[in-house]
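First the structure, in the form of structure tokens, and then the observations on it.
When a ligand or atom number is given, it counts from 1 through the structure's own listing order.
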Amino acid sequence: MAAGWELRALLCLGALLTGGVSADLGAVAVGELHENVTLHCGNVSRPRGLVTWYRNDSEPVFLLSSNASLLPTAPRFSLEDAGALHIQALSLEDEGNYTCQEVLNETRWFLVWLRVASGPDQIQVNISASGALPNGTLYAARGSQVDFSCGSTAQPPPRVEWWFQAQSRPESFGSNLTVSSFTLILMSQNLQGNYTCSARNVLSGRQRKVTTELLVYWPPPSAPQCSAEVSSGSAALKLTCRWDGGYPDPNFLWTEEPGGMIVGNSELGTETLNQSQLSDGKKFKCVGSHIVGPEPGASCVVQILSPLLASHPMKTCFVGGNVTLTCQVSGANPPATIQWLRNLTQPEAAIQPSSHYLITQDNQSSTLTIHNCSQALDEGFYFCQAKNLVGVRAVDVWLSVKEPLNIGGIVGTIVSLLLLGLAIISGLMLYYSPVLCWKAGSTFRGQDMGDVMVLVDSEEEEDEEDEEEEENAIEEVEQETNEREELPKEVCKHGHIHRVTALVNGNLDHMGNGLQDLQDDNDEQQSYTIQEPV
Ligand SMILES: *[C@@H]1O[C@H](CO)[C@@H](O)[C@H](O)[C@H]1NC(C)=O
Ligand SMILES: *[C@@H]1O[C@H](CO)[C@@H](O)[C@H](O)[C@H]1NC(C)=O
Ligand SMILES: *[C@@H]1O[C@H](CO)[C@@H](O)[C@H](O)[C@H]1NC(C)=O
Ligand SMILES: *[C@@H]1O[C@H](CO)[C@@H](O)[C@H](O)[C@H]1NC(C)=O
Ligand SMILES: *[C@@H]1O[C@H](CO)[C@@H](O)[C@H](O)[C@H]1NC(C)=O
Ligand SMILES: *[C@@H]1O[C@H](CO)[C@@H](O)[C@H](O)[C@H]1NC(C)=O
Ligand SMILES: *[C@@H]1O[C@H](CO)[C@@H](O)[C@H](O)[C@H]1NC(C)=O
Ligand SMILES: *[C@@H]1O[C@H](CO)[C@@H](O)[C@H](O)[C@H]1NC(C)=O
Ligand SMILES: *[C@@H]1O[C@H](CO)[C@@H](O)[C@H](O)[C@H]1NC(C)=O
Ligand SMILES: *[C@@H]1O[C@H](CO)[C@@H](O)[C@H](O)[C@H]1NC(C)=O
Ligand SMILES: *[C@@H]1O[C@H](CO)[C@@H](O)[C@H](O)[C@H]1NC(C)=O
Ligand SMILES: *[C@@H]1O[C@H](CO)[C@@H](O)[C@H](O)[C@H]1NC(C)=O
């Protein structure tokens with residue numbers, strides 16, 4: 001494009017100045033601002049004739065000549081070998097068209113178009129990131145929108161290019177954006193890297209680059225998790241706050257609640273407390289803060305609690321038989337260690353597993369199975385003791401060891417049972433709180449002895465057999481107590497069974513061995529009624 005245009009202009013100039021004399025093709029020379037430039041008088045290496053340089057503005061202006069009697073118009077201009085024009089310290093005004101006239105056998109004209117390039121000297125890069133780190137590195141939140149723009153002044157206007165180099169790839173895979181500004185709508189992890197804006201002067205080839213590192217950050221996706229555990233082998237408590245999945249790692253601040261006294265501040269999220277800093281019920285709060293996370297941070301609370309215990313107050317074992325005592329710990333944080341003792345004042349003499357004692361621990365419950373019960377050795381109190389850093393609790397279980405029952409006495413037993421049952425129910429009526437069991441109580445009050453028999457029978461069946469029967473029994477009570485909530489209803493029912501069994505235990509000297517199963521089953525059902533007024 002430029003060449004054809006220059007040719008036409010040259011022909012025009014030639015016609016104007018020389019009236020048809022031959023002329024070389026015009027050339028373009030590029031100089032940089034404040035630099036020197038040399039314009040050649042045509043592409044000729046032969047000896048030159050008289051060379052005169054003109055500036056071809058509105059009309060040709062004489063600059064200098066090889067005729068020494070004609071002085072240059074400015075000292076910046078000088079002639080070099082072969083008639084070339086040397087211009088020092090270019091200014092933007094020097095841009096223009098120059099003609100060289102050579103007079104030999106014939107007069108020839110040569111056109112040179114001098115273009116003066118300037119810059120780019122500096123680049124202004126603007127990245128609308130989320131923020132800057134203390135060391136100046138920019139970061140953007142994942143999913144956010146980031147605008148990039150690049151500005152530079154140059155003569156003529158530069159060509160601006162953006163390059164991107166990802167962290168994960170060592171080689172440049174420049175997305176080669178030949179625009180000065182662009183927007184990334186959804187920042188993602190693979191857009192983390194170095195963004196380079198380069199501005200290039202197409203005339204001079206001069207290039208400037210600015211590289212900006214942009215990190216892409218994201219907060220953890222879920223809430224932090226607090227936990228407390230005993231440091232291995234020490235009496236210290238380790239608080240742990242986990243808040244994973246973010247980049248970079250968050251910061252954790254542990255404080256005491258209430259009061260906000262600072263326990264520690266770290267990137268790990270763990271703090272170690274000694275026993276003196278702990279007490280039952282004390283709470284510790286962890287606040288996780290992430291550079292692009294929610295402003296107030298995300299928190300969790302851990303409460304230090306001493307153990308609570310539930311067990312059966314009494315158990316029975318037949319001589320030579322087996323019995324299992326269970327103990328359930330709840331609420332302990334950090335988790336409690338559970339021991340079985342015969343004597344609370346001798347905690348060091350905890351029962352150790354042996355052929356006689358089988359101890360199993362499952363999470364926060366412990367069972368003690370005594371094999372081959374003997375009255376002399378095994379009857380008495382057993383203590384389940386649970387202990388953690390903030391408390392010790394113990395619950396006692398009375399184990400009575402009975403002689404195996406005589407089958408022949410069963411008939412007599414049943415008779416006494418019936419009488420007993422009557423007595424028990426009367427006792428129950430008096431004993432139970434009317435608030436809890438009024439309805440059930442009043443039903444029993446109205447029943448005759450035949451009903452009582454049914455009651456005892458049904459217990460045996462339901463305990464030995466299936467749950468269907470039990471449901472029937474529940475329904476029975478439900479019908480009579482339908483205005484009450486479900487839970488108290490069941491408590492009432494089982495509490496009742498418990499009563500019956502307890503008294504049966506105390507008096508069933510003549511019952512068969514088969515009743516042992518019944519008792520054990522009942523015990524299981526009672527496990528949560530222990531707290532009742534027994
Ligand atoms: C320009 O030319 C002058 C004289 O020839 C010389 O002294 C000067 O160093 C040159 N400047 C540059 C930038 O080359
Ligand atoms: C003159 O120009 C021709 C073609 O344009 C080129 O081949 C030649 O090398 C040039 N001679 C000089 C001395 O620049
Ligand atoms: C040279 O100057 C003349 C006027 O003196 C003008 O008409 C012509 O266009 C100029 N040539 C160029 C190439 O600028
Ligand atoms: C050089 O310039 C002078 C003064 O203008 C002139 O008299 C003389 O003829 C010129 N010499 C040549 C070779 O053109
Ligand atoms: C010099 O000449 C070219 C054509 O050859 C033209 O495009 C350009 O504008 C001219 N420069 C000036 C400063 O007149
Ligand atoms: C000048 O012209 C003459 C005759 O036309 C010729 O003999 C001579 O070689 C030419 N000189 C140059 C330098 O072209
Ligand atoms: C950079 O961005 C800010 C905010 O968008 C704007 O105010 C400022 O003018 C921009 N600067 C450049 C050089 O683009
Ligand atoms: C600035 O700090 C961040 C995070 O520590 C790091 O990834 C980055 O390389 C640092 N940048 C510079 C230029 O030191
Ligand atoms: C980005 O640039 C910084 C500083 O120039 C360099 O340390 C870092 O390795 C670069 N990152 C990539 C992905 O090239
Ligand atoms: C960038 O684009 C230009 C033209 O579109 C191309 O010539 C060049 O090779 C590209 N560069 C890269 C690194 O892809
Ligand atoms: C008691 O347990 C032992 C060991 O599990 C078992 O061999 C034995 O039969 C059990 N005795 C009774 C009466 O269940
Ligand atoms: C418990 O141990 C203490 C101290 O050894 C002792 O005095 C006490 O009699 C023991 N109690 C029972 C029930 O064994």
If you scan protein heavy atoms around atom 13 (C) of ligand 8, the nearest is T137 OG1, 3.8 Å
Can you tell if the side chain of C317 reaches within under 4.5 Å of the side chain of I370, non-hydrogen atoms only? no
Top protein contact for atom 5 (O) of ligand 12, by heavy-atom distance: Q346 NE2, 3.0 Å
Does NZ or CZ of R342 come closer than 6.0 Å to the centre of the six-membered ring of F383, within 45° of the ring's axis? no
E213 neighbourhood, listing ligand 8 atoms whose heavy-atom distance to it stays under 4.0 Å: 9 (O)
Atoms of ligand 12 under 4.0 Å from any heavy atom of T345, numbered from 1 in the order shown, are 1 (C), 2 (O), 3 (C), 4 (C)
Using 30° and 60° as the class boundaries, would you call the ring planes of Y217 and Y247 parallel, tilted or perpendicular? perpendicular
When only distance counts, is Y217 in polar contact with ligand 8, meaning an N/O pair under 3.5 Å? no
Residue and atom name of the nearest protein heavy atom (relative to atom 14 (O) of ligand 12), distance in Å to one decimal: N343 ND2, 3.3 Å
What distance separates L368 CG from Q361 CD, expressed to the nearest 0.5 Å? 11.0 Å
Regarding E161 and R200, does a basic nitrogen lie under 4.0 Å from an acidic carboxylate oxygen? no
Is it true that atom CD of E348 has more than 12 heavy atoms of other residues, nucleotides or ligands lying nearer than 6.0 Å? yes
Hey, is C384 close enough to C327 that the SGs sit under 2.5 Å? yes
Inter-residue atom distance M187.CE - Q145.CD, 0.5 Å rounding: 11.0 Å
Of all the atoms in ligand 9, which lie at a distance below 4.0 Å from a heavy atom belonging to A166? 13 (C)
For atom 7 (O) of ligand 8, what is the closest protein heavy atom, and at what distance to 0.1 Å? L215 CD1, 4.0 Å
Can you confirm, on distance only, whether ligand 9 has an N/O atom lying under 3.5 Å from any N/O atom belonging to N194? yes
CD (Q189) with more than 12 external heavy atoms under 6.0 Å: no
Is atom 9 (O) of ligand 12 touching the protein, meaning some protein heavy atom lies under 4.0 Å away? no
Could you tell me the residue and atom name of the protein heavy atom closest to atom 12 (C) of ligand 8, and the distance to it rounded to 0.1 Å? N135 ND2, 3.4 Å
Near L133 (heavy-atom distance under 4.0 Å), the atoms of ligand 8 are 2 (O), 3 (C), 4 (C)
Proximal atoms of ligand 9 relative to Q165 (non-hydrogen, under 4.0 Å): 13 (C), 14 (O)
